[in-house]
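Source: prediction; values computed, not measured.
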Amino acid sequence: MRTVAVVGASLAGLSAARSLRKQGYDGRLVVIGDELHRPYDRPPLSKEFLAGTLGEADLSLETDDEDLRAEWLLGARAAGLDRAERAVRLADGREVRADGIVIATGAVARTLPGSEGLAGVHTLRTLDDARALRDELAAGGRLVVIGGGFIGAEVASTAYALGLDVTVVEAAPTPLSGPLGATMGDVVSALHMDHGVRLLCGVGVKGLSGERRVDAVLLEDGRSIPGDIVVVGVGARPCVEWLAGSGVELDNGVKCGADGRTSLAGVVAVGDCANWYDPRAGAHRRVEHWTGARERPDAAIATLLAGGAVEPGVPRPPYFWSDQYGVKIQFAGHAAAADSVTIEAGAADDRDVLAVYRRAGVPVAVLGMNQPRLFTRWRKQLAAASS
């Protein structure tokens, strides 16, 4: 290959570029990113950066002496993929022709219909999002978080520590029941109530009120929750619209094999936009976690450079972490695959717990709250059993 284009300049794209050089590729490397920023770390955006304890320079994912010998096209949005010409078309009219293409365009935060142009309403996905939200939180006031997932919970925790009055609204009966299951989702989400943060579950949002600036969140049960600031944390959708008509198969993102290969030869996908096949589950899963974006590009690049001639391995069980109200939460595996969950150490009421998820007696996932050592041991066992 003479030219490889990496479309996406966040962690997954940077990891792919690093892996190309690490695996011996010495040709032309072009990295395309729709943001103007160099690659930066996203997890701190809802925590330390939002709290003002971490600066922008600390978010950089590149080392001072790192040189990937890459051409960086930043502020350039991918608008299409021409498979006949093997070219990535950019929104500004330029084209990048490449023998190999890595799709790493990530995901974008979902918005609340009708909230466009209303001041005080935020999503949190990018550095620019975090800058805007941080400035508003610094002024204090009443915050309403729509969505009790991990991003919403972390924002609520950070805002609580900053002294804001915080309410979390979650449409599901139990927050985090998707990633953690109902039992442990209930345990983790109780952290809000432990700290005096209001948690309203099982009720949807009808809309927002306010003329130029939001002043309340309107619930479907008729209640109105006053709010000076609203954060919408209702998930993200993969950024794959630009691939329409390209021949790349799409299904909840880019549909991939267990090694990142797509339906087009010479094209692989990694990161939040990639829906990889999971041999353990016999199904495709889109993993939106930091570790997946960091680890999986190695396998995808090996496949790209070998022309698909390598045997795909089994990806490690997905792992993610969250910091809320001073509690470190760690999770590995798939809760949905379990038929039971047992507490192996600690006590749920103390929010100091190690829980193991099993299916037919076999561990398939593990959750730790302030149990880093024991969790690490179980995570290694889980990975060994899954390989």
Side-chain angles (χ1 to χ4, degrees), residues 1-21 25-40 42 60-62 66-111 123 125-129 131 236-256 260-275 286 288 293 296-297 300-301 304-305:
M1 289 186 180
R2 291 176 297 179
T3 301
V4 173
V6 177
V7 189
S10 193
L11 175 61
L14 176 62
S15 297
R18 285 171 169 165
S19 190
L20 279 160
R21 294 309 190 201
Y25 175 72
D26 61 1
R28 181 184 179 219
L29 173 58
V30 183
V31 182
I32 302 164
D34 61 350
E35 293 186 63
L36 290 170
H37 310 293
R38 300 285 293 198
Y40 60 87
R42 294 185 190 274
S60 176
L61 289 169
E62 300 170 276
E66 186 169 26
D67 182 11
L68 293 172
R69 293 175 286 117
E71 299 173 34
W72 292 84
L73 302 182
L74 300 178
R77 181 174 58 85
L81 175 60
D82 187 330
R83 61 175 168 175
E85 297 293 329
R86 297 204 65 81
V88 177
R89 290 189 290 104
L90 305 182
D92 61 11
R94 289 180 292 173
E95 285 190 349
V96 177
R97 294 174 180 259
D99 307 296
I101 297 170
V102 181
I103 300 170
T105 41
V108 63
R110 297 185 186 276
T111 59
T123 57
R125 184 77 185 182
T126 69
L127 176 57
D128 291 335
D129 292 339
R131 285 171 172 169
R237 58 175 177 81
C239 297
V240 294
E241 296 88 349
W242 67 281
L243 294 167
S246 67
V248 173
E249 185 175 0
L250 304 178
D251 179 12
N252 185 29
V254 179
K255 192 173 183 180
C256 304
R261 73 182 72 192
T262 72
S263 56
L264 286 186
V267 179
V268 296
V270 294
D272 291 359
C273 70
N275 191 8
R286 191 163 60 87
E288 296 183 80
R296 292 190 173 188
I301 294 305
L304 181 67
L305 295 179

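- With hydrogens and angles ignored, the 3.5 Å screen pairs no side-chain donor or acceptor of N275 with any backbone N or O of G253.
- For R2, the side-chain contact (heavy atoms from CB on, under 4.5 Å) criterion is met by D99, not counting sequence neighbours.
- A donor-acceptor pair under 3.5 Å is absent between the side-chain atoms of T262 and the main chain of V248, judged by distance alone.
- When each of T126, L11, L127, D272 is tested with R42 by the rule side-chain contact (heavy atoms from CB on, under 4.5 Å), just one qualifies, namely T126.
- Counting heavy atoms from C-beta outward, E71 and V96 have side chains that stay 4.5 Å or more apart.
- With a 4.5 Å cut-off on side-chain heavy atoms, L20 and V6 count as touching.
- V254 approaches A269 most closely through the heavy-atom pair CG1-CB, 3.7 Å.
- Here the straight-line distance linking atom SG of C239 with atom CD of E241 works out to 6.0 Å at 0.5 Å rounding.
- A donor-acceptor pair is defined here as one N or O able to donate and one able to accept, closer than 3.5 Å; no such pair exists between the side chain of Y25 and the backbone of I301.
- What you find for R94 and L73 is that their closest heavy atoms are NH1-CD2, 3.9 Å.
- Side chains of I103 and C273 form a contact here, defined as non-hydrogen atoms less than 4.5 Å apart.
- Nearest heavy atom pair, residue R125 against residue A236, reads NH1-CB, 3.8 Å.
- Side-chain atoms of S263 come within 3.5 Å of backbone N or O of E249 as a donor-acceptor pair.
- Among residues two or more places apart in sequence or in another chain, the side-chain hydrogen bond (donor to acceptor under 3.5 Å, both in side chains) test is passed with R83 by none.
- Separating the CG atom in L243 from the CG atom in L81 is a distance of 6.0 Å, to the nearest 0.5 Å.
- Using a 4.5 Å heavy-atom cutoff, the side chains of L29 and R69 are not in contact.
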For V267 and R86: C-alpha separation, side-chain torsions, deciding distance, then whether side-chain contact (heavy atoms from CB on, under 4.5 Å) applies. CA-CA 10 Å; V267 179; R86 297 204 65 81; 3.9 Å; yes
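- Residues V7 and W242 have side chains in contact (heavy-atom distance under 4.5 Å, counting atoms from C-beta outward).
- Residues V31 and A9 come closest through the heavy atom pair CG1-CB, 3.9 Å.
- In plain terms, the two heavy atoms of A107 and R286 that are nearest each other are CB-NH1, 4.5 Å.
- Taking the centre and axis of the six-membered ring of W72, the NZ or CZ atom of R38 falls inside the cone set by 45° and 6.0 Å.
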Criterion side-chain contact (heavy atoms from CB on, under 4.5 Å) on L74 and H37, from CA distance to verdict: CA-CA 7 Å; L74 300 178; H37 310 293; over 6 Å; no
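- The CG atom of L36 lies 8.0 Å from the CG atom of D128; values are rounded to the nearest 0.5 Å.
- The minimum heavy-atom distance linking S10 with Y40 is given by the pair OG-O, 4.3 Å.
- No salt bridge links R89 with E85; every basic N to acidic carboxylate O contact stays at or beyond 4.0 Å.
- Within the 4.5 Å cutoff, the side chain of L68 has heavy atoms near those of the L14 side chain.
- Rounded to the nearest 0.5 angstrom, T3 OG1 and R28 CZ are separated by 5.0 Å.
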